[in-house]
Structure formats: structure tokens, C-alpha cells
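Single-structure report; data block below.
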Amino acid sequence: MPDPRTLTTRCCIAGGGPAGMMLGLLLARAGVEVLVLEKHADFLRDFRGDTVHPSTLEVMHELGLLPAFLQRPHDEVRELHAMVGETEMVIADFSRLRTHCRFIALMPQWEFLDFLRRQAERYPSFRLLQRADVTGVIEHAGRVTGVQAQTPEGLMHVQADLVIGADGRHSTVRTAAALAVRDIGAPIDVLWLRLPRLPDDPSVTGGRINTGSFLVMLDRGSYWQCAYVIAKGGIEAVQARGLDAFRAALVRVAPLLADRVHLLASWDDIKLLSVTVDRLERWWKPGLLCIGDAAHAMSPVGGVGINLAVQDAVATANALAAALADRDLGADALTPLLERVERRRLFPVRVTQAMQVAVQNRVLGAVVDPARTAPMTPPWPMRLFMWFPLLRGVPAWLVGVGVRPEHVPIMGPMSTPQTSTSADARPSRPRPTPRRIEVLKIQPLSPHMARITFGGADLAGFEWRGPAGHLKLTVPDDGQHEAPMPQEDGPRSALMRTYTPRGFDAKALTLDVDFVLHAHGPAGRWASRAQVGDRLVLMGPAPGYRIDPDADWFVLAGDDTALPAIETILADLPARARALVFVEVVDGGEARELRSPARVDVQWVVRQGEPAPPGRALDAALRALPALPPGPGRIYVGCESTAMRRIRDFWVKERGVQVRNVVARGYWKQGNPNHPDRDYADEPAR
Ligand SMILES: Cc1cc2nc3c(=O)[nH]c(=O)nc-3n(C[C@H](O)[C@H](O)[C@H](O)COP(=O)(O)OP(=O)(O)OC[C@H]3O[C@@H](n4cnc5c(N)ncnc54)[C@H](O)[C@@H]3O)c2cc1C
């Protein structure tokens, strides 16, 4: 027999589901060489769970991928309903969550996984091998050193410093590594089916409970995705009663289906999910870590499995990415970090499974108990949601965000994407970092500011990286209309300046940038005389500011150069937040409306004096603020470098605000035309 093909990689992930693909993306983004092995040839599987919860959408936001992600086909669920007997009620209201998306996105899982794959493939260190069925682990001296997999080309060995078992609830990896499983048990199974949704059907997603029946109906636009709960092992009894009896049971619990249940032509149209709830006694051994369903199979209650798998992936990347990226660190150095991942994730998994088991046993098991004959009425805890609508936020939080949500640190990826992104529906193609863009429109915003809209095919793949991001623009020299393309490895162009992306339309491929019009530097001069058709060069963007969803208030202070950043932050603030905005401008004519879902108080501060020292009026206005609002809050300062340090020191040293609650950015420095971008006040002014 020929020797098996052998590949070597830093990290090998078995399983390309939500956990494996998300971890693959995060590690590749951190510059780690990562290989994902997936046994199927594609992601096209039905009834795999299509619920992308606010916690996962928040991760997408933190990765700067949310707008592109939401371009994928999806439906948005903002409330969950329950119909118990004849009583209908809202049991979860996502509108009160402190997340960017206050809804569940119902997206086919293959769309979700394909999106992750496309994003991951932008990084050169990512590789996905499909039709690679992991059949065992390779161990040496008590350590997992790789896996073996069957591929169309034959048996393959993969040597890796770390193996991740993300191969789902029937995990081969965990069995092969002899990790002990604790079966928690479930009294139910679920039958999945889909039926057409008609235009007059109510648009509600939720559960319907009637004597002996529990049906969850997810509104998927053109169809209902339905989950019918049966007693554990009850499929044979259901089938023995016949398809007509099953159709009648569906109609009893959901009368609106009466005109279409005949479309269930055979049992092939109905898929059994045998519900398992289990957890590994230990998620790791040297060289191996299991995450997602491979570490803890979840009940379908709450539809949280995908989201916990994603949270595991984020926690794993947070704990391991830096160590994996450091090739000088040997495999042994990773072992304590594996334990750390389990320690971090065990609590949320335990709590979630305990809640699922309580619902399974006390509610679902009782409802589908064949011995039950009494008519159903809402139990008193459910009635509380009718009487006190505010309480609907609690289940929304438990389902949508959950215990101990994980966050992707907001910082630039350590690895540079190599291919296009945002128009992720397009085939990806190699793209050099500088992009040629052209002026499409110039729109005055005030006497000293203009919004310039750029377009161009090179904007395919431009990625919105959150509010207050920044990008590099090389502008045409005085008297020119086309900026020179920077040479790779050449010196930094004297015509290159930093700006804030103000808005990006991924469909129209247009980018808005707001320019302060002045005569002191090449970009201000160009903007003052810009013409439609002028051609610039764009690089970036770098990621922006992470809005703390738990903050009750924000102080946003800056001069006119930071106004675009402040406006992008304002646009993303949650409606429940309060924003105190201070903007220093050259004269009162610059004042204009600033839009935000939050409650905003704006103070336009006019720069005083001749010559007017930048930032002094801003500093004075902030010092005049008698007190900060109550509750947790954040301060953002963006202005001239020296003034920024003075303002930051005032808040931290004189007003006792914690440093971590203040983000301060030096946007420019008086007397220094080549001021660096990353002037974050963590070192003395240069
Ligand atoms: C019918 C059904 C409905 C569900 N509904 C929901 C829902 O609405 N919401 C929700 O959040 N969760 C739902 N879930 C649960 C959810 O699908 C899982 O919790 C989630 O997918 C777990 O992600 P994972 O990446 O850990 O594992 P999986 O999604 O199971 O991914 C494992 C991957 O590994 C691959 N694989 C398996 N074995 C091997 C091997 N030996 N070699 C290589 N690759 C392998 C598989 O093909 C798969 O792609 C549902 C599950 C089912 C079965």
C-alpha cells in the first residue's frame, strides 16, 4: 500500500461547521497557518440550524463584516411569539438588546458557512479541504500530533501542533481521542419539515402549544420552517399512526396549515432530529481541543447551538491566536491555553444546557406526554410576559446574547487579506492593496466642509470596518487631476493623508469621505478645488471604534477633522444611549444637524483667538461640563495631538475617569505635516 500523503500545518481543524469555519477565519486573520478538513464536498445541507443570533452578529460587527454579511439572504426576527391553547403572547422582544442587531437573522446555514469561507480565504494562511473525512487522531507519547483523513486521493496524514475537534455532536475526533462524554439526556426528539407560507399568513415566529402538540414555526418568507416536538424515541409510534394522523396533529396545533399539509407527501419530507444533550468531561488533552457540538451537544431549545459554537471559536482564538502565530512556541506551550478555553466556556455552556434541560423536562416533555388530555393554558411565568412587557427582554437576552458573550478584540488583523471582500457574492480575485478611485460627486456640507463621493471598480472588496475607521488617500498634486500610484516598497508619498470613511455603499460601490477645506496641506488644497473625474489612490481602511453596547452615555469631542468620525459613531449608537457631543469649528457657520438614533446634545464650540490655538476652546467647553451623566459611559476625543493629550489628562487625572473608558486620537499635529496615524496618547507627543 502506498504511504499516505502527509501535510504539516500549525493548526488542523476537523469539521467545517460554524465552530470550525469561524475559528479558521479568526486564526487565519491572526496570521496562523490553519487547515480545515470537512468531510462533505459543500455546505449544502438542509435543516442544520439557520439561526444567527445577535451575539454572532455582534462578532460579525467586531470583525467589520456585518454589512457584507447582512447582504446575504436572510429574514429578521425581532420578537418570538407563543400560542398556548387559544392565548397568543410575545415571549421575547429583541428590540431592547444592547447589540448592534436587535434581531435573529434566519439565514440558511450554507450561506453562513460560505460567507465565513470566503472571508477566511482572503488570508494566505487559510486552507479548507473538503471531502476530507477525519477518521482518527495520531498520537505520540500521550500527545495528539495530527489526524488521519480519507480523501478522494486516498488516506492523508496531517501533522499539526494543535488539532481542533469541531466535527459536531457525532465527533469522530473526541471518540478517537477517548475523551469521556457525559450524557445529560433529553425527553424529546424533533421532526423538521417545511410548508409554503402564503401572503396572508401572519408574520410571526414562535411556538404553538396545544394538548399533546408543540410546534415551532419559523417565518422564512416564502415558507414555514417547522419543528414538531415528539416524545423521545416516539418516531415509530408517530409513523405507525400514519401520515394522515400526523397531518391532522399539525392542523390541530396550527389550523392555518390545513390547506397545505397535503404537500407532505411521504415521511421523506419529514426529517428526524434525535435530540442529544451531552458534554465532554474534559474538552482537551495535550495537542487537542474540542469545541462546539463536539464538546457539548446542545438541545434545539432556544436555537442556540450555532451561536455557542461561534462563541467557543471566538474564545479559542482569543486564547490561542497569539501563541499559535508565534512559531517559536512549541506545541507543549499551548497546553495550558487549552485548559483556559474550557474554563472560560464551561460556565456558559453549563448554564445554557441547564436552562434547556429545564424547558425540555418541565414544558416540552409534559406537553408531548401522550397521557396528557387536559387543555393547555399558559403557565403563570408565561403570563408575566403579557402583564409586564419589559420582562420580554429577559428571554431575548438569554437566547440572543446569552451568558458571558465573547468579543473579538477590535484591532487590525495581524495578517493582510489577499483577495477582495465586501461584494462577497462576486468571485474573489487577487487585489493589490492600493485602489484607484474617481470623484463622482462633490457636495458642500458647510462653508468649510465638503462630502466627496468616490466610485470605481477597485472599490469591490472595500470593507467597512466600523465607525471612526481610517484610510489613506493619495491626492493629486497641485494643478493635477490624477494622483500617482504609490510604488510597492517605495517611499511614502508626500501626497498621502489619512481620512475617515464616512459611508460606503457596497452595492453601488461608492465611498463618501468628508473633507475639511483648507489651504495648509495638499489634501485640503486638493479638496478645495476637486473636480468630478479626479482620480485618487485609496489604501485601507483600518478598523475603527468599538461602541460599548453596555454604555449608557458617550461624550464625543473633537475638532472638524474628527467630525466625520464622530458622525459615524453617532450613527451606530444604540437608541437607548445618550450622547454629549462637542465639536470645535472655525466659525458658527459650520454648525449642522448631526443624526443619530441616540439622544444627542451637540455643542458647537468656535475656535477663539488670533492665531486660534487648536483644541483650546474644546478643552474649555469640556471642563465647563458640570458632571458626567450617571451610569457606565465612554469618552471619545479626536483632535490636534497636543490638545488631545491635554483633554485626555483632564478626564483621567482630574476627573478620575478610568483610562480604559477614554479613547483619544491625535488626528493631526500643528507644525508636523507627517503626523503618524496611530497617535493614541499612550506615549508622549512626538
Ligand atoms: C436538525 C437540526 C436543527 C438545528 N437547529 C438549530 C437552530 O435553529 N439554531 C441553532 O443555533 N442550532 C441548531 N441546531 C444545532 C446546530 O446545528 C449545532 O449546534 C451547530 O451546527 C454546531 O456547530 P459545530 O460547528 O460545533 O458542529 P456542526 O455544525 O455539526 O459541524 C461539524 C462539521 O464537521 C463535519 N464533520 C463531521 N465529522 C467529520 C469528520 N469525521 N471529518 C471531517 N469533517 C467532519 C460535518 O460535516 C460538519 O460540517 C440544529 C441541529 C440540527 C441537527
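For the single chain, residues carry numbers from 1 onward in sequence order. Numbering of ligands and ligand atoms starts at 1, following listing order. Because only heavy atoms are used, hydrogens play no part in the values below, and waters and symmetry mates are left out as well, while side chains stay in.
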T51, V399, V310: member with heavy atom nearest to atom 9 (N) of ligand 1: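 Looking at heavy atoms only, T51 sits closest to atom 9 (N) of ligand 1.
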For atom 46 (C) of ligand 1, which of M22, R169, E38, M298 has the closest heavy atom?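 The nearest heavy atom belongs to E38.
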Using a 4.0 Å heavy-atom cut-off, say whether [X] meets ligand 1 through its side chain, its backbone, both or neither.
X: D312; value: neither
X: V304; value: backbone
X: K39; value: both
X: A19; value: both
X: T172; value: side chain
X: F43; value: neither
X: L273; value: side chain
X: A149; value: neither

What distance do [X] atom [atom1] and [Y] atom [atom2] have between them, rounded to the nearest 0.5 Å?
X: Q225; Y: W192; atom1: CD; atom2: CH2; result: 5.0 Å
X: L80; Y: F94; atom1: CG; atom2: CZ; result: 4.0 Å
X: R344; Y: R340; atom1: CZ; atom2: CZ; result: 11.0 Å
X: R98; Y: E58; atom1: CZ; atom2: CD; result: 12.5 Å
X: L162; Y: L338; atom1: CG; atom2: CG; result: 6.0 Å

Could you tell me which atoms of ligand 1, counted from 1 in the order shown, lie closer than 4.0 angstrom to a heavy atom of [X]?
X: G305; answer: 10 (C), 11 (O), 12 (N), 19 (O)
X: N307; answer: 11 (O)
X: G16; answer: 33 (C), 34 (O), 49 (O)
X: G292; answer: 26 (O)
X: A132; answer: 42 (N), 43 (C)
X: W192; answer: 1 (C), 2 (C), 3 (C), 4 (C), 5 (N)
X: A166; answer: 32 (C), 33 (C), 34 (O)
X: D133; answer: 40 (C), 41 (N), 42 (N)

Report yes or no: does a heavy atom of A14 sit under 4.0 Å from some atom of ligand 1?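 Under 4.0 Å: no for A14.
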Is the backbone N or O of [Y] less than 3.5 Å from a side-chain atom of [X], with the two atoms forming a donor-acceptor pair by type?
X: R143; Y: T145; answer: no
X: R131; Y: K39; answer: no
X: D167; Y: V173; answer: yes

Inspect the contact between R182 and D278 and indicate whether a charged nitrogen and a carboxylate oxygen are less than 4.0 angstrom apart.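 Answer for the salt bridge query: no.
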Ion pair check, R345 and E406, cut-off under 4.0 Å: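 Yes.
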Can you find an N or O of G303 that's nearer than 3.5 Å to an N or O of ligand 1?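 Yes - when backbone and side-chain N and O of G303 are compared with those of ligand 1, one distance drops under 3.5 Å.
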Would one find an N or O of A294, backbone or side chain, under 3.5 Å from an N or O of ligand 1?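 In fact, backbone or side chain, A294 has no N or O that close.
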Relative to Y223, does R194 satisfy both conditions: NZ or CZ under 6.0 angstrom from the six-membered ring centre, and within 45 degrees of the ring's axis?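 Judged by the rule (NZ or CZ under 6.0 Å from the ring centre, within 45° of its axis), R194 counts as positioned above Y223.
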Could you tell me whether the side chain of M217 reaches within less than 4.5 Å of the side chain of R208, counting heavy atoms only?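 Of all side-chain heavy-atom pairs linking M217 with R208, at least one is under 4.5 Å.
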Between H74 and F103, what is the ring plane arrangement, given parallel below 30°, perpendicular above 60°, and tilted in between?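 Taking F103 first and then H74, their aromatic rings lie parallel (interplane angle under 30°).
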